[in-house]
Amino acid sequence: MAVAFVAAVHLAWLFGGQSEVLQGGLEDGDSFMRLVRVQRLIETGDWFDVSIPRANAPYGTTMHWTRPLDVLLLVLAAPTAPFLGFDLGLYVAGAALSPLLHILTVVAMAWAAAPLIGRVGACLAGGLTAAQIGFMGYAIAGNADHHILFALINVLAFGFIIRSFSGQRGSSQRGSGQRGAALAAGALISLGFWIGIEEIAFLAICLGMIGLPWLLGEKDSADRNYHLCLGLTLSLALVLLAERGPEHYLGVEYDRVSIIQMTIAALLLTFWGCIRAWPRFWENKGTAPRLAAGVLGAAVIAAVTRLLFPNIFLGSLASVDPRLMFLISGVLEYAPIRDVWYFLIYVGGAVFALPWAAWRFKEEWPGPNRWPWALVGAALLVYLAFAASWVRWVLYVGIFLSIPLADLIVRIDFLSTERLTGITRVLVNTLAILFITVAPLGAGATGALLNKKAVKTEALEKKKTCVLKDMTEFLNQSPWSDRPRAIVASVNLGPEILYRTPHNVLATLHHRNSAGILDSITILGGGDDAESLRLVRERSIDLLLLCPGSNADGYFLKDEGGERVLYRRLVKGDLPGWLKEVSVPASLASGFRLFQVASSTEIR
């Protein structure tokens with residue numbers, strides 16, 4: 001039932017007019033760049049080549065992404081490629097990727113949460129992920145990105161962590177089964193690191209929660225922590241070999257999996273190995289000496305890591321040019337949740353989930369399930385705090401609030417079954433489910449509309465006039481089809497141009513392409529005509545593509561320069577002598593302006 005419900009939600013979204021897929025599009029530039037990356041892999045056959053030569057023209061750039069998602073896209077494209085052709089088969093794979101991963105996540109949740117909330121509750125928790133706007137924003141068709149793969153991996157890891165707590169404390173049944181579960185959880189977390197370094201947040205939450213039993217003196221708890229870190233370390237050793245190869249095995253990169261994560265895992269393993277090696281020493285020690293040892297161990301690990309990798313505490317931002325921060329902060333998923341109304345829209349279920357998780361922790365205190373409930377509550381609190389600063393973390397909130405919400409609904413059903421019968425019971429259960437799942441979203445949407453912060457219809461219409469698919473068809477025709485051209489356009493348009501045409505671009509919205517982004521801003525957003533021309537000649541630029549009035553191009557007008565800014569001059573028709581406007585079909589003229597760079601002999 002949960003799988004059917006989630007599939008129905010995705011189909012309703014797809015055919016309800018909210019999807020880009022039916023118009024042959026994808027949700028964002030990252031989705032197109034994912035397909036470009038796979039095409040590049042097929043073209044070169046070089047697994048370890050992370051370059052994108054056609055971006056940052058003519059020099060090329062590299063990507064911080066890793067190979068697992070590329071493999072998934074190829075696997076999904078393989079069955080349809082013989083009939084549709086590889087390119088169309090790859091597009092279908094990209095369009096279907098996130099909904100399929102979502103369905104797998106629902107199945108994983110039905111297994112993972114069953115020991116904690118029962119089989120019915122676990123199935124319901126999987127289905128409730130489709131009722132979370134924050135989660136669904138990443139799961140919809142056309143989102144060919146890695147976010148829902150994170151969800152799948154972390155749900156599976158959560159399931160193994162729950163099982164590492166199963167059984168009676170101190171009993172012989174715990175042994176190999178719990179050690180195996182901890183090993184598997186560590187291995188899955190290493191796969192999360194393979195997808196992206198934001199997995200460090202989930203690792204920190206897990207280590208904090210599974211460290212608490214040892215802190216409170218529970219027998220054999222150090223063994224669980226040791227085996228999780230052992231699984232993490234051994235699996236990361238294999239991940240580095242698979243992703244980076246022997247030649248670059250020891251390479252240091254702050255924005256993708258590298259020896260940094262391997263070092264942290266090894267240090268954690270060493271700490272818990274030392275704790276586990278002297279069980280008699282710790283047997284009669286209270287909380288205070290254990291806490292002191294934990295704080296000292298964390299301090300040593302942090303100091304050693306900082307010594308070896310000086311920028312480690314900057315995270316992925318260590319690889320970002322500071323001059324790009326204004327652009328990155330304008331991306332929705334890197335923006336904070338704007339107000340309480342949008343909090344209710346994205347993660348409003350937390351108003352019920354957090355109190356219920358706390359209550360369940362209290363209820364389960366005498367038994368082994370208290371620590372899994374503590375993990376659920378801690379994950380909710382941490383990810384909610386992160387989401388307050390970066391919207392992208394609402395995905396993880398959606399995972400962990402679905403578990404207590406499902407458990408609450410099951411409890412309500414149990415109580416109503418005891419006290420009510422017939423239509424009254426059905427009505428009470430239906431109203432309770434709707435109130436828990438829909439009321440926060442409805443309140444948030446109503447508040448946002450009343451507060452006049454809803455997206456304006458005219459803005460949507462403006463966006464619709466800039467359908468890049470039609471422009472790329474024009475760029476694939478003569479005279480532009482005779483050779484690849486170098487195009488200056490918005491970072492938001494660059495990946496789709498790369499995917500749909502043979503042409504090269506200067507800018508894509510990826511932090512490693514800082515040179516291309518900054519030069520494109522200087523060219524179109526600067527007021528120095530000579531400097532713009534110098535960069536155009538230096539980079540052998542052929543075309544400038546504008547989408548005036550759109551959100552995509554807005555950042556070109558952020559800098560100072562007034563009316564001398566080239567972008568403003570071009571929109572007004574005040575062209576410098578080295579540019580001439582290209583006549584485009586009437587269907588494109590309402591959205592786009594295209595300009596050709598004149599050769600040195602043609603300059604007026």
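Below, each value reflects all heavy atoms present in this structure, side chains not excepted, and no hydrogens, waters or symmetry copies. As the structure is a computational prediction, the values presented were derived from the model and not from experiment.
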Q. Are H510 and W65 close enough that their ring centers fall under 6.0 Å?
A. yes

Q: Sorted by first residue and then second, give each salt bridge (Lys or Arg N to Asp or Glu O under 4.0 Å) pair with at least one member in residues 33-43; sequence neighbours left out.
A: R34-D145, R37-D70, R40-E43, R40-D49

Q | side-chain contact (heavy atoms from CB on, under 4.5 Å) between L344 and L441, intermediate numbers included | A | CA-CA 6 Å; L344 291 172; L441 171 61; over 6 Å; no

Q: Using the test side chain to side chain donor-acceptor pair (under 3.5 Å), find all partners of W371 that sit at least two apart in sequence or belong to another chain.
A: E218

Q. In Å and rounded to the nearest 0.5 Å, what is the CD1 to CG distance from I162 to L375?
A. 7.5 Å

Q | is_close_aromatic(Y396, F386), centroid dist under 6.0 Å | A | no

Only distances under 3.5 Å count here; give the side-chain donor-acceptor pairs of residues 109-136 to other protein atoms, sequence neighbours excluded, each with its distance to 0.1 Å.
| residue | atom | partner | partner atom | Å |
| --- | --- | --- | --- | --- |
| R119 | NH1 | A110 | O | 2.7 |
| T129 | OG1 | H102 | NE2 | 2.8 |
| T129 | OG1 | G126 | O | 2.5 |
| Q132 | NE2 | L128 | O | 3.2 |

Q.
Please give me the minimum heavy-atom distance between V394 and A387, naming the atom from each residue.
A. CG1-CB, 3.8 Å

Q) Any donor-acceptor pair under 3.5 Å linking the side chain of N56 with the backbone of G516? A) yes

Q: Report the C-alpha separation of Y383 and L395 in whole Å, then their side-chain angles, then the decisive distance to 0.1 Å, and conclude whether the side-chain contact (heavy atoms from CB on, under 4.5 Å) test is met.
A: CA-CA 9 Å; Y383 287 132; L395 168 72; over 6 Å; no

Q | Stepwise side-chain contact (heavy atoms from CB on, under 4.5 Å) test for T105 and V6 | A | CA-CA 10 Å; T105 302; V6 171; over 6 Å; no

Could you pull out all donor-acceptor pairs under 3.5 Å where a side-chain atom in residues 286-294 meets a protein atom, sequence neighbours excluded?
| residue | atom | partner | partner atom | Å |
| --- | --- | --- | --- | --- |
| R290 | NE | K285 | O | 3.2 |
| R290 | NH1 | W214 | O | 2.6 |
| R290 | NH2 | W282 | O | 2.6 |

(Q) For residues 193-212, which residue pairs pass the salt bridge (Lys or Arg N to Asp or Glu O under 4.0 Å) check, not counting sequence neighbours? (A) E198-R392

Q. Just one of L327, T508, L324 clears the side chain to side chain contact (heavy atoms under 4.5 Å, CB included) bar with V491, so which one?
A. L327

Q | H146 and F150 aromatic ring geometry - parallel, tilted or perpendicular at 30°/60° bounds | A | perpendicular

(Q) Between F158 and V155, is the side-chain contact (heavy atoms from CB on, under 4.5 Å) condition met? List the steps. (A) CA-CA 5 Å; F158 173 73; V155 166; 5.5 Å; no

Q.
Looking at S31 and A144, would you say the former's side chain and the latter's main chain have a donor-acceptor pair under 3.5 Å?
A. yes

Q. Taking the side chain as C-beta and beyond, is there a heavy-atom pair between L26 and L35 under 4.5 Å?
A. yes

Q. Rounded to the nearest 0.5 Å, what separation is found between the CG atom of D413 and the CG atom of L408?
A. 11.5 Å

Q: Measure the spacing between SG of C229 and CG of L203 and express it to the nearest 0.5 Å.
A: 7.0 Å

Q) Does a side-chain heavy-atom distance below 4.5 Å link I189 with F193? A) yes

Q: Give, for atom CD1 of I161 and atom CD1 of I210, the distance between the pair rounded to the nearest 0.5 Å.
A: 6.5 Å

**Q.** Flag side-chain contact, heavy atom, 4.5 Å: R179 against R224
**A.** no

Q: Please identify each residue that fulfils side-chain contact (heavy atoms from CB on, under 4.5 Å) with L234, with sequence neighbours left out.
A: L230

**Q.** salt bridge (Lys or Arg N to Asp or Glu O under 4.0 Å): pairs with one or both residues in residues 229-252, sequence neighbours excluded
**A.** E243-R256, R244-E253

Q: May I ask you to decide if N311's main-chain N or O and Y254's side chain share a donor-acceptor pair within less than 3.5 Å?
A: yes

Q.
My understanding is that only residues two or more places apart in sequence, or in another chain, count here; which of them pass side-chain contact (heavy atoms from CB on, under 4.5 Å) with N284?
A. none

Q | Stepwise side-chain hydrogen bond (donor to acceptor under 3.5 Å, both in side chains) check, R512 with T62 | A | CA-CA 6 Å; R512 289 195 175 189; T62 61; 3.2 Å; yes

Q) Taking S98 for the side chain and N143 for the main chain, is one N or O donor matched with an acceptor at less than 3.5 Å? A) yes

Q: First locate atom CH2 of W393, then atom OH of Y334, and finally report the distance between them rounded to the nearest 0.5 Å.
A: 10.0 Å

Q) Quick one: does P213's side chain get under 4.5 Å of L216's, heavy atoms only? A) no

Q. A350 and P355: which non-hydrogen atoms are nearest, and at how many Å?
A. O-CD, 3.8 Å

Q. Tell me the salt bridge (Lys or Arg N to Asp or Glu O under 4.0 Å) pairs involving residues 357-366, sequence neighbours left out?
A. R360-E363, R360-E364, R360-D407, E363-R411

Q: Would you mind reporting whether P68 and T66 have side-chain heavy atoms less than 4.5 Å apart?
A: yes

Q.
Working to the nearest 0.5 angstrom, can you tell me the gap between F48 CZ and L41 CG?
A. 11.0 Å

Q: Keeping the roles fixed (side chain from S51, backbone from P53), state whether a donor-acceptor pair exists under 3.5 Å.
A: no

N/O donor to acceptor pairs below 3.5 angstrom from side-chain atoms of residues 259-280, sequence neighbours left out:
| residue | atom | partner | partner atom | Å |
| --- | --- | --- | --- | --- |
| Q261 | OE1 | S258 | N | 2.8 |
| T263 | OG1 | I259 | O | 2.8 |
| T270 | OG1 | A266 | O | 2.8 |
| R276 | NE | D223 | OD1 | 2.5 |
| R276 | NH2 | D223 | OD1 | 3.2 |

Q | Within-4.5 Å side-chain heavy-atom neighbours: L308 and V252 | A | no

Q. At their closest point, which heavy atom of A185 faces which heavy atom of L228, and how far apart are they?
A. CB-CD1, 4.1 Å

Q: For residues D255 and H64, report the shortest heavy-atom separation together with the two atoms involved.
A: OD2-CB, 3.4 Å

Q: State which residues pass side-chain contact (heavy atoms from CB on, under 4.5 Å) with A353; sequence neighbours excluded, sorted by chain then number.
A: L380, L401, P404, L405

Q: Output all residues satisfying side-chain contact (heavy atoms from CB on, under 4.5 Å) with L100, sequence neighbours left out; order by chain, then residue number.
A: L76, A96

Q) Shortest non-hydrogen contact from N225 to G211? A) ND2-CA, 3.9 Å

Q. Is L191 close to L156 at the side-chain level, that is, under 4.5 Å between some pair of heavy atoms?
A. no

**Q.** Minimum heavy-atom distance between S164 and A182, given as atom pair plus value
**A.** CB-N, 4.1 Å

